[in-house]
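Presented below is the structure to which this report refers.
Reckoned from all heavy atoms, side chains included, excluding hydrogens, waters and symmetry mates. Note that the numbering runs from 1 along the sequence shown for the chain.
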Amino acid sequence: QLQLVESGGDLVQPGGSLRLSCVVSGFTLEIYSIGWFRQAPGKEREGVSCISAQGGNVKYSDSVKGRFTISRDIAKNTVYLRMNSLKPEDTALYYCAVDQTPYSPVCTIRRPYGPWGQGTQVTVSS
């Protein structure tokens with residue numbers, strides 16, 4: 001059974017930083033790509049970043065490029081999203097999801113996939 005558990009969300013001031021974690025079970029990170037998505041109240045879910053199963057391909061949305069960094073620790077079955085220079089518009093519920101295309105050399109945030117975790121709340125406010 002594929003499971004994902006996010007953590008690390010918090011209330012932070014504009015310009016601050018957070019690191020989100022996504023711990024997966026039921027599979028290894030070398031098999032499936034992982035994506036981070038977010039959803040703010042009243043808005044559609046948005047793809048933020050992803051990392052491919054082979055690890056060599058990462059992508060970012062234009063809104064977070066240069067500020068967010070995705071990484072993974074295969075031994076810990078964990079994918080991280082480091083978020084710097086946070087803005088109020090980054091406020092959202094952040095989810096990680098698994099793309100069940102095995103051993104893909106590339107990842108995508110252009111379409112939804114799952115299963116999802118329960119999400120972790122990030123609030124950027126002074």
Side-chain angles (χ1 to χ4, degrees):
Q1 184 178 2
L2 307 183
Q3 290 188 326
L4 304 93
V5 178
E6 304 94 334
S7 63
D10 205 346
L11 170 63
V12 63
Q13 292 188 344
S17 297
L18 284 174
R19 189 181 76 163
L20 305 183
S21 299
C22 172
V23 179
V24 307
S25 59
F27 65 100
T28 69
L29 295 174
E30 294 165 300
I31 297 177
Y32 298 130
S33 304
I34 299 295
W36 281 99
F37 296 77
R38 67 186 182 186
Q39 188 165 21
K43 295 188 177 181
E44 293 187 354
R45 191 168 290 180
E46 172 192 13
V48 175
S49 182
C50 63
I51 184 166
S52 66
Q54 296 187 13
N57 181 245
V58 297
K59 290 189 173 67
Y60 300 95
S61 65
D62 289 342
S63 60
V64 308
K65 198 172 296 182
R67 300 187 297 122
F68 291 11
T69 303
I70 193 169
S71 62
R72 68 182 188 176
D73 186 330
I74 293 174
K76 294 183 178 180
N77 293 328
T78 302
V79 175
Y80 302 100
L81 186 67
R82 177 69 181 182
M83 307 187 295
N84 295 329
S85 303
L86 283 162
K87 305 175 181 180
E89 50 264 44
D90 294 318
T91 295
L93 190 60
Y94 284 72
Y95 301 86
C96 57
V98 55
D99 184 351
Q100 297 184 62
T101 304
Y103 306 108
S104 176
V106 297
C107 66
T108 181
I109 51 174
R110 292 181 176 270
R111 56 175 173 81
Y113 41 81
W116 304 84
Q118 83 289 347
T120 186
Q121 179 67 39
V122 172
T123 303
V124 185
S125 175
S126 54

Would you call [X] and [Y] a side-chain contact if the rule is heavy atoms closer than 4.5 Å?
| X | Y | value |
| --- | --- | --- |
| Val122 | Leu20 | yes |
| Gln121 | Thr91 | yes |
| Ser126 | Pro14 | yes |

Shared hydrophobic cluster for [X] and [Y] (ILVMFWY, side-chain gaps under 4.5 Å):
| X | Y | answer |
| --- | --- | --- |
| Val58 | Met83 | yes |
| Leu11 | Val124 | no |
| Val24 | Val5 | no |

Of all pairs that satisfy salt bridge (Lys or Arg N to Asp or Glu O under 4.0 Å), the ones with a partner from [range], not counting sequence neighbours:
| range | answer |
| --- | --- |
| residues 7-21 | none |
| residues 100-126 | Asp99-Arg111 |
| residues 114-126 | none |

Residue pairs fulfilling disulfide bond (SG atoms under 2.5 Å apart) with at least one residue in residues 52-126, sequence neighbours excluded: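 Of all non-adjacent pairs touching residues 52-126, those that pass disulfide bond (SG atoms under 2.5 Å apart) are Cys22-Cys96, Cys50-Cys107.
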To the nearest 0.5 Å, what is the distance between [atom1] on [X] and [atom2] on [Y]?
| X | Y | atom1 | atom2 | result |
| --- | --- | --- | --- | --- |
| Thr123 | Gln13 | OG1 | CD | 13.0 Å |
| Leu81 | Leu18 | CG | CG | 9.5 Å |
| Ile109 | Arg45 | CD1 | CZ | 14.0 Å |

Residue pairs fulfilling side-chain hydrogen bond (donor to acceptor under 3.5 Å, both in side chains) with at least one residue in residues 55-72, sequence neighbours excluded: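 Qualifying pairs: Arg38-Ser63, Glu46-Ser63, Asn57-Lys59, Ser61-Ser63, Asp62-Lys65, Arg67-Asp90.
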Do you know the tightest heavy-atom contact between [X] and [Y]?
| X | Y | value |
| --- | --- | --- |
| Val106 | Ser52 | C-CB, 3.7 Å |
| Val48 | Val64 | O-CG2, 3.6 Å |
| Leu4 | Ile34 | CD2-CD1, 4.2 Å |
| Gly114 | Ala97 | CA-CB, 4.4 Å |

N/O donor-acceptor pair under 3.5 Å between Glu6 side chain and Gln118 backbone: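 Confirmed, Glu6 side chain pairs with Gln118 backbone.
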N/O donor-acceptor pair under 3.5 Å between Ser21 side chain and Tyr80 backbone: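 No: the side chain of Ser21 does not pair with the backbone of Tyr80.
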Val79/Ile70 under side chain to side chain contact (heavy atoms under 4.5 Å, CB included): CA gap, chis, key distance, verdict: CA-CA 7 Å; Val79 175; Ile70 193 169; 3.9 Å; yes
Sequence neighbours excluded - ring-ring contact (aromatic ring centres under 6.0 Å, His included) pairs with any residue from residues 93-126: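 Non-adjacent pairs meeting ring-ring contact (aromatic ring centres under 6.0 Å, His included): Phe37-Tyr113, Phe37-Trp116, Tyr95-Trp116.
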Within 6.0 angstrom of Glu44 CD, more than 12 heavy atoms from elsewhere: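 No, CD of Glu44 has 12 or fewer neighbouring heavy atoms, counting only those of other groups under 6.0 Å.
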Side chain to side chain contact (heavy atoms under 4.5 Å, CB included) between Leu86 and Phe68, intermediate numbers included: CA-CA 9 Å; Leu86 283 162; Phe68 291 11; 3.9 Å; yes
